[in-house]
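Quick caveat: nothing in here was measured; it's all calculated off a predicted structure.
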Amino acid sequence: MAILLPRKPTLICLAVLGPICIVDGIVKKDTQEILAMLVVFIFAIVTLINDRKKKLAGKNARERSNPMNPNR
């Protein structure tokens, strides 16, 4: 799945499927599945949050570098 989709949709899919697989692991009492999907879920959420912060920081930097009045 990660190879076929762009980065952001893949992370969103992992963030959605992570809790589903964690619940499935709890039902099956499979500790390895629970831990693996917990790591994947945390990675996806942290990456999405960091990407959002970087995007906002870049947007703020662009707004500050381009003055509204070019005659100044």
side-chain contact (heavy atoms from CB on, under 4.5 Å), paired with Ile42, selected from Leu38, Ile45, Val39 =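 The passing option is Leu38.
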
Looking only at heavy atoms, what is the nearest atom pair of Ala44 and Ala15, with distance?
->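 Looking at all heavy atoms of both residues, the closest pair is CB-N, 4.0 Å.
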
What's the shortest heavy-atom distance between Cys21 and Met37, and which atoms?
->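 In terms of heavy atoms, the two residues are closest at CB-CG, 3.3 Å.
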
Out of curiosity, [X] [atom1] to [Y] [atom2], how far, rounded to the nearest 0.5 Å?
{"X": "Phe41", "Y": "Ile20", "atom1": "CZ", "atom2": "CD1", "value": "10.5 Å"}
{"X": "Leu48", "Y": "Lys8", "atom1": "CG", "atom2": "NZ", "value": "7.0 Å"}
{"X": "Leu17", "Y": "Ile12", "atom1": "CG", "atom2": "CD1", "value": "12.0 Å"}

Given Glu33 and Ile26, is the side-chain contact (heavy atoms from CB on, under 4.5 Å) satisfied, shown in steps?
-> CA-CA 9 Å; Glu33 182 178 353; Ile26 291 171; over 6 Å; no

Report yes if some heavy atom in the side chain of Phe43 is under 4.5 Å from a heavy atom in the side chain of Leu11; otherwise report no.
->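 They are in side-chain contact.
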
Do Leu35 and Val40 share a hydrophobic cluster (ILVMFWY, side-chain heavy atoms under 4.5 Å, transitive)?
->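 Different clusters.
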
